[in-house]
*Asks:* 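The structure follows.
This is a predicted model, so every value here is computed, not measured.
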Amino acid sequence: MENNTQSLFAAQALESPCALAAALAPHAAAGHFDELRGRVSEGPAPVEAAAPAQPALRAAGSAPEAAPTQPEAPAAATDDSLSPDWTRFFNFLGADGFYDLNHRTANLRRQIRDNGVTYNVYANANGPQRPWALDLFPMMVSAADWAQIEAGIQQRARLLDRVMADIYGPQELLSKGLLPSALVHAHPGYLRGMQGVQPAGGTYLHIAAFDIAHGPDGRWSVVSQRTQAPSGLGYLLENRLTISLLFPEAFREMQVERLGASYKALVDGLKAMSPGDGNEESRVVLLTPGPYNETYFEHAYLARFLGLTLVEGSDLLVRDDRLYLKTLRGLEPVHGLLKRLDDEFLDPLELRSDSTLGVPGLLQVIRAGNVLVVNTPGSAFLESSALLGFLPALSEHLLGETLALPSLATWWCGEQAVMQDVLGQLKNCVIKPTYPGSGMESVIGHTLSRRALDEWAGRIVRRGEDYTVQAYLPLPQTPTWQGERISPRSAMLRVFAVADGKGSWQVLPGGLARLAGKNENMSSMQHGGSSADVWVLGDTSANRAHAEHSAAPRAEQPAPAWAAAPLRHRPPVTSRAAENLFWLGRYTERAENSTRLAQITLQCLGGEDQTSQPLLAWLTSMAVGNALVLDSVPPATQARRVFERALIANLADTEQAASVGYNLRALKSAASAVRERLSQEQWHMIVRTEADFFQRCSVFSSAGQTQTQSQGGQSQSQSIQSSPSSQPLLEYSSVEALRALESASGFLSAMTGAQTDRMTRDDGWRLLSVGRLIERLNTLAGALVRGFETGSVFEEGGFNAMVALFDSTITFHAQYQQRRDIPALLDLLVLDRDNPRSLGWVVQTLRGRLAKLAGSAPGDMPELAMELPDPGSWALADLCAGMQTEGEGQCHDGRLVELLRQCCDAALDLSDTLSRRYFSHAASGSQSLGA
């Protein structure tokens with residue numbers, strides 16, 4: 001990789017890596033805390049918004065809460081020395097390591113792409129998903145800072161849980177005036193149907209996220225909080241795994257706190273508090289809106305990492321006030337639900353009636369205490385920015401404690417006295433909506449003109465309760481690597497508290513740092529922001545003491561509990577997952593068959609037998625029957641070059657023809673819906689196959705479009721004959737098309753290997769395999785029918801093409817040398833039980849898969865398998881007995897063609913039977929998995 005940084009500095013001229021880093025890094029913007037140097041940057045301190053008079057409503061229940069005393073901002077330093085933590089980081093990197101940062105950045109982006117880490121606000125079925133944005137440098141949090149953050153977050157998690165318990169219980173906070181009723185009852189996130197409900201396990205909140213930031217004075221403050229379905233737990237783990245690999249020495253020597261224990265504590269806590277029946281381990285599932293959600297990667301990632309079953313609303317069913325999971329083996333009870341969608345979509349019977357993401361009757365199950373939902377529905381009112389201004393008094397009342405981690409000064413304009421005091425300070429504040437759903441985004445006062453400020457003041461006067469004003473905080477700026485130098489970016493840190501038992505909370509030692517764009521002070525992933533890993537640095541003295549204690553001799557201890565035989569848990573296969581796995585198998589096989597057929601067609605159209613009419617007729621019939629070309633295209637027997645050009649043009653067409661590109665895209669769509677069941681390598685192979693094929697096809701597709709435009713209104717056949725430049729261009733397209741197909745064929749072979757050797761043999765895999773075998777049986781049997789109907793198998797070119805389509809050319813030559821007779825063809829392609837491409841092997845294996853899928857007793861053949869013909873009754877003499885030829889070698893219907901058509905019909909009937917018996921059919925009417 002070319003070195004772009006060498007010209008910026010000379011390592012020999014600098015004394016240390018820290019001096020080198022300081023030379024590459026400008027100071028943070030004036031008034032912002034400089035994380036790299038550990039102090040406020042030079043420049044005038046930001047104007048602080050004065051606290052308005054305390055409202056009478058707040059003072060009704062207790063003495064007014066004074067804003068926490070802020071220490072004076074430290075004087076800005078003028079030297080370039082780095083903070084101790086960043087000094088250690090760059091010392092481990094070394095001076096020579098700066099030349100390698102661009103290479104590490106390239107590896108970072110490659111790993112994000114290979115792992116399929118995406119975040120896409122406008123995710124859709126066909127559009128490209130946006131790769132997750134991750135910066136190379138982590139954000140550092142010292143052990144002392146983390147001790148303060150951890151204590152403050154644990155306290156806030158307990159406080160919010162107590163607030164929610166009161167609001168959905170006695171509502172003393174409202175009756176005593178400690179919390180305005182409008183912030184609860186007028187908030188759309190307050191669910192009246194949950195009033196008086198005691199959640200299973202006795203805890204309302206199990207996961208809470210808090211956005212915090214370093215102020216210019218060096219103190220951490222809470223800016224906002226999320227409780228409905230806070231995102232980031234999966235992304236921050238992926239960030240950690242990625243960045244720790246790029247800086248292994250620094251990560252090890254700086255004793256960065258590990259994350260895994262908190263995730264285990266979360267799962268153990270959920271299972272312990274779930275209302276199981278005591279006879280079996282509680283089943284906890286993760287509810288996702290589906291693969292088109294912008295954070296679906298995180299949902300699949302978390303489900304796989306936590307060992308939970310990933311489900312959609314259609315996978316769940318309510319019966320007798322209990323929640324069940326629809327699986328291939330019937331309904332199985334669900335005791336815990338980790339939801340990743342907002343409350344309003346949870347139950348179409350009581351909440352949004354147009355929701356297709358939730359479960360009808362779910363709220364009734366919660367009221368009955370038969371399922372633990374994380375978090376308990378109805379917590380959305382806690383996310384209102386206005387609530388932050390009331391938390392100090394609530395903490396004193398409910399916990400008897402002063403908040404250890406202060407909030408950013410916040411005022412709700414629904415109180416007349418507060419509104420009047422804050423109107424004159426809008427220029428130094430941020431205006432936020434009190435309630436969600438208004439479509440309003442936060443507005444920074446100092447970015448507005450005088451006229452705009454007056455307009456906002458008018459809106460606040462008219463409807464003050466709809467607006468909350470918060471003191472403006474210049475976000476701290478953390479160093480990022482921008483290719484040639486270190487650049488500061490504004491950052492917000494999101495930390496997570498997770499419940500590990502009733503009333504007990506852990507704070508994840510780290511978090512998700514969200515970085516704003518250049519010259520911006522608002523961090524948002526939805527608006528193109530980036531992220532960074534967060535390193536909480538260990539206390540060296542504490543770790544040393546712990547190590548010495550661990551090294552001390554101990555008395556012999558009894559064998560630990562985990563030494564016993566482990567309890568094996570087989571995750572269920574939901575009906576939706578089964579359907580998608582079935583179609584994943586079918587589309588994989590369909591993509592292989594269409595790729596091989598397209599290769600054979602292009603090779604034959606330019607080969608020695610391109611004038612054979614039976615062969616051209618068979619190629620036309622196969623191409624049209626398998627949607628490689630439209631039936632309106634002239635057949636190859638009449639216009640061979642027009643037919644070839646149409647086939648090439650349709651290879652990457654996903655709209656009109658169901659050709660190779662369509663099948664690859666459908667394959668990826670089915671795989672994305674069961675991504676939690678696929679390894680990272682397998683998913684990467686699927687994504688890479690599609691991307692590589694469309695990139696290769698873009699070469700001849702653009703050439704074909706140019707040629708078409710130059711030909712004007714002439715018909716295709718006339719244009720090809722009349723345009724002197726069309727023939728070389730067409731030949732070039734044919735060569736490029738074959739290269740694209742060859743590359744896709746290699747990828748698909750690797751994909752088949754992953755499905756065969758890298759997946760557990762459960763019912764989900766069996767359905768995937770059944771889908772492949774159904775597709776193979778229908779396609780290959782149909783190819784033989786067309787081969788005998790057109791007579792192509794009676795000619796050498798057609799005979800060879802048929803063997804090639806069955807991917808049995810090498811086997812045929814090895815067993816039959818140069819024979820070209822029909823009995824040899826049928827023996828290998830129909831009867832051979834050792835050839836995985838023969839119809840006999842396919843039917844025999846398919847019957848075996850169905851026997852295990854149905855769970856029948858050994859030796860019994862299930863009803864499903866009985867619908868298929870028995871290959872044990874097939875005999876070569878019978879297949880050849882009724883075969884007659886006349887004219888150009890066309891075959892009249894006999895035992896063979898009858899058997900082949902029976903195989904095709906049985907494959908289609910079996911697909912319908914499986915669909916009716918096992919699948920959920922939950923896809924919307926506009927999207928069909930089986931299209």
*Asks:* Under 30°, 30 to 60°, or over 60°: which ring-plane class applies to Phe812 and Tyr816, parallel, tilted or perpendicular?
*Replies:*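 It falls in the tilted class, 30° to 60°.
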*Asks:* Under 4.0 Å between a side-chain nitrogen and a carboxylate oxygen: does that hold for Arg739 and Glu736?
*Replies:*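 So Arg739 pairs with Glu736 through a salt bridge.
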*Asks:* Tell me the closest heavy-atom pair linking Leu328 and Ala578, and the distance in Å.
*Replies:*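 Reported closest heavy-atom pair: CD2-CB, 3.5 Å.
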*Asks:* Can you check whether Leu900 reaches Leu839 side chain to side chain, under 4.5 Å on heavy atoms?
*Replies:*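 Yes, close enough: below the 4.5 Å cut-off.
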*Asks:* Answer yes or no: is there a donor N or O on one side and an acceptor on the other, between the side chain of Ser808 and the main chain of Thr811, under 3.5 Å?
*Replies:*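 Answer holds: no.
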*Asks:* Please tell me whether Arg786 and Ser792 have a donor and an acceptor in their side chains that are separated by less than 3.5 angstrom.
*Replies:*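 The criterion, which ignores hydrogens and geometry beyond distance, is not satisfied for Ser792 and Arg786.
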*Asks:* Going by heavy atoms in the side chains, are Leu667 and Met751 under 4.5 Å from each other?
*Replies:*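 Result yes, sub-4.5 Å side-chain heavy-atom pair found.
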*Asks:* Where the side chain of Arg596 meets the backbone of Phe806, is there a donor-acceptor pair that is under 3.5 Å apart?
*Replies:*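 No; zero donor-acceptor contacts below 3.5 Å.
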*Asks:* State, yes or no, whether a side-chain contact exists between Ser838 and Leu831 at a heavy-atom distance under 4.5 Å.
*Replies:*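 Not in contact.
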*Asks:* Give the minimum heavy-atom separation between Ala740 and Cys697, together with the two atoms involved.
*Replies:*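 Of all heavy-atom pairs spanning Ala740 and Cys697, the closest is CB-SG, 4.3 Å.
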*Asks:* Could you check whether atom CD of Gln902 has more than 12 heavy atoms from other residues, nucleotides or ligands sitting under 6.0 Å from it?
*Replies:*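 Check passes, neighbour count above 12.
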*Asks:* With distance as the sole test, does Ser621 use its side chain to make a donor-acceptor pair with the main-chain N or O of Ala617 at under 3.5 Å?
*Replies:*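 Absent.
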*Asks:* Which heavy atom of Ala671 sits nearest a heavy atom of Leu584, and at what distance?
*Replies:*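 In terms of heavy atoms, the two residues are closest at CB-CD1, 3.9 Å.
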*Asks:* Go through it in stages, so that I can follow the logic: the residues are Ser873 and Asp870, the test is side-chain contact (heavy atoms from CB on, under 4.5 Å), and I'd like the CA-CA distance, side-chain angles, deciding distance and then a yes or no.
*Replies:* CA-CA 6 Å; Ser873 63; Asp870 182 9; 4.2 Å; yes
*Asks:* Under a 4.5 Å cut-off applied to non-hydrogen side-chain atoms, are Pro871 and Gln844 in contact?
*Replies:*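 With C-beta onward as the side chain, the pair touches.
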*Asks:* Indicate yes or no: does Glu690 engage Arg696 in a salt bridge with an N to O separation below 4.0 Å.
*Replies:*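 Salt bridge: no.
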*Asks:* Salt bridge check, Glu644 against Arg641: does any charged N sit closer than 4.0 Å to a carboxylate O?
*Replies:*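 Looking at Glu644 together with Arg641, the answer is yes, because their closest N to O distance falls below 4.0 Å.
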*Asks:* Under the rule for salt bridge (Lys or Arg N to Asp or Glu O under 4.0 Å), what residues qualify as partners of Glu312, not counting sequence neighbours?
*Replies:*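 Result, salt bridge (Lys or Arg N to Asp or Glu O under 4.0 Å) vs Glu312: Arg576.
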*Asks:* How long is the gap from CE on Met759 to CG on Leu581, to the nearest 0.5 Å?
*Replies:*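 The CE atom of Met759 sits 5.5 Å away from the CG atom of Leu581.
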*Asks:* Give the ring-plane orientation class for Phe919 versus Phe582, where under 30° counts as parallel, over 60° as perpendicular and anything between as tilted.
*Replies:*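 Rings of Phe919 and Phe582: tilted, 30 to 60°.
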*Asks:* Rounded to the nearest 0.5 Å, what separation is found between the CG atom of Asn650 and the CD atom of Glu655?
*Replies:*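 Here the interatomic distance stands at 12.0 Å.
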*Asks:* Treating Ser669 as the side-chain partner and Arg665 as the backbone partner, does any N or O pair qualify as donor plus acceptor under 3.5 Å?
*Replies:*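 No; zero donor-acceptor contacts below 3.5 Å.
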*Asks:* Test side chain to side chain donor-acceptor pair (under 3.5 Å) on Ser659 and Asp653 and set out the steps.
*Replies:* CA-CA 7 Å; Ser659 188; Asp653 187 0; over 6 Å; no
*Asks:* Using a distance-only test with no angle check, is there a side-chain donor-acceptor pair under 3.5 angstrom linking Asn626 and Ser594?
*Replies:*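 No, no side-chain donor-acceptor contact under 3.5 Å.
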*Asks:* Is it true that the side chains of Glu795 and Ser612 contain a donor and an acceptor less than 3.5 Å apart?
*Replies:*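 Side chains of Glu795 and Ser612: pair found under 3.5 Å.
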*Asks:* Any Lys/Arg nitrogen of Arg917 or Asp912 sitting under 4.0 Å from an Asp/Glu carboxylate oxygen of the other?
*Replies:*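 No, this pair does not count.
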*Asks:* Checking Thr288 side chain against Gly290 main chain: does a donor-acceptor pair fall under 3.5 Å?
*Replies:*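 Yes; judged by distance alone, with no hydrogens or angles, the pair exists.
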*Asks:* Distance only, no hydrogens: is a donor on one side chain within 3.5 Å (strictly under) of an acceptor on the other, for Gln610 and Arg640?
*Replies:*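 A pair is found: one side chain offers a donor N or O, the other an acceptor, under 3.5 Å apart.
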*Asks:* Taking CZ in Arg688 as the centre, count heavy atoms belonging to other residues, nucleotides or ligands within less than 6.0 Å. Is the count above 12?
*Replies:*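 Count not over threshold, so no.
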*Asks:* Over all heavy atoms of both residues, which pair between Ala907 and Ile774 is shortest? Give the atoms and the distance, please.
*Replies:*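 Minimum heavy-atom contact is O-CG2, 3.6 Å.
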*Asks:* Show your working on side-chain contact (heavy atoms from CB on, under 4.5 Å) between Ile822 and Phe788 and close with a plain yes or no.
*Replies:* CA-CA 10 Å; Ile822 299 302; Phe788 282 103; 4.0 Å; yes
*Asks:* Starting at CG of Leu784, measure out to CD of Glu789 and round the result to the nearest 0.5 Å.
*Replies:*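 Atom-to-atom, Leu784:CG and Glu789:CD are 11.0 Å apart.
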*Asks:* Quick one, Ser911 with Arg586, criterion side chain to side chain donor-acceptor pair (under 3.5 Å). Give me CA distance, side-chain angles, the key distance, then yes/no.
*Replies:* CA-CA 10 Å; Ser911 177; Arg586 291 198 67 170; 2.8 Å; yes
*Asks:* Run the side-chain contact (heavy atoms from CB on, under 4.5 Å) test on Trp618 and Leu805 for me, step by step, so that the C-alpha distance in whole Å, both residues' side-chain angles and the decisive distance to 0.1 Å come before the verdict.
*Replies:* CA-CA 12 Å; Trp618 179 73; Leu805 181 64; 3.9 Å; yes
*Asks:* Is there a side-chain contact between Leu738 and Glu742 (heavy atoms, below 4.5 Å)?
*Replies:*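 Result no, sub-4.5 Å side-chain heavy-atom pair not found.
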*Asks:* What about Phe799 and Phe794, are their ring centers closer than 6.0 Å?
*Replies:*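 Not under 6.0 Å, so no.
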*Asks:* Could you verify whether a donor N or O on one side chain and an acceptor N or O on the other, from Arg590 and Asn593, lie under 3.5 Å apart?
*Replies:*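 The answer is no; no qualifying pair exists.
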*Asks:* Go through Asn800 and Thr809 one step at a time and tell me if the side-chain contact (heavy atoms from CB on, under 4.5 Å) criterion holds.
*Replies:* CA-CA 8 Å; Asn800 292 336; Thr809 301; over 6 Å; no
*Asks:* Please find the pair of heavy atoms, one from Thr595 and one from Leu741, that lie closest to each other, and give the distance.
*Replies:*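 Minimum heavy-atom separation between Thr595 and Leu741: CG2-O, 3.4 Å.
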*Asks:* Do Leu780 and Leu829 touch side chain to side chain, with heavy atoms closer than 4.5 Å?
*Replies:*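 Result no, sub-4.5 Å side-chain heavy-atom pair not found.
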*Asks:* Are Lys668 and Tyr587 close enough that some pair of their side-chain heavy atoms sits under 4.5 Å apart?
*Replies:*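 Side-chain contact under 4.5 Å: no.
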*Asks:* Between atom CG of Asp834 and atom CD of Gln815, what is the distance when rounded to the nearest 0.5 Å?
*Replies:*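 Asp834 CG to Gln815 CD: 8.5 Å, rounded to 0.5 Å.
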*Asks:* Distance check, rounded to the nearest 0.5 Å: Asn107 atom CG versus Arg109 atom CZ?
*Replies:*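 It comes to 11.0 Å.
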*Asks:* Roughly how far apart are Tyr296 OH and Arg675 CZ, rounded to 0.5 Å?
*Replies:*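 Those atoms lie 8.0 Å apart.
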*Asks:* Just checking Arg833: does its CZ atom have more than 12 heavy atoms from other residues, nucleotides or ligands closer to it than 6.0 angstrom?
*Replies:*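 Yes - once you tally the heavy atoms of other residues, nucleotides and ligands closer than 6.0 Å, there are more than 12.
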*Asks:* Taking all heavy atoms of Glu676 and all of Leu310, pick out the closest pair and write down the distance.
*Replies:*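 Looking at all heavy atoms of both residues, the shortest contact is OE1-CD2, 3.3 Å.
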*Asks:* Is the backbone N or O of Ala636 less than 3.5 Å from a side-chain atom of Thr620, with the two atoms forming a donor-acceptor pair by type?
*Replies:*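 Checked: pair present.
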*Asks:* So, applying side-chain hydrogen bond (donor to acceptor under 3.5 Å, both in side chains) with Ser769, which one of Arg761, Arg849, Glu589, Gln755 is it?
*Replies:*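 When Arg761, Arg849, Glu589, Gln755 are each tested with Ser769, the side-chain hydrogen bond (donor to acceptor under 3.5 Å, both in side chains) holds only for Arg849.
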*Asks:* Ion pair present between Glu592 and Arg772, side-chain N to carboxylate O less than 4.0 angstrom?
*Replies:*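 Salt bridge present between Glu592 and Arg772.
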*Asks:* Is it true that the side chains of Thr295 and Asn293 contain a donor and an acceptor less than 3.5 Å apart?
*Replies:*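 Note: Thr295 and Asn293 side chains meet the donor-acceptor criterion.
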*Asks:* Taking the side chain as everything from C-beta on, heavy atoms only, tell me whether Thr601 gets closer than 4.5 Å to Phe643.
*Replies:*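 Thr601 vs Phe643: side chains touch.
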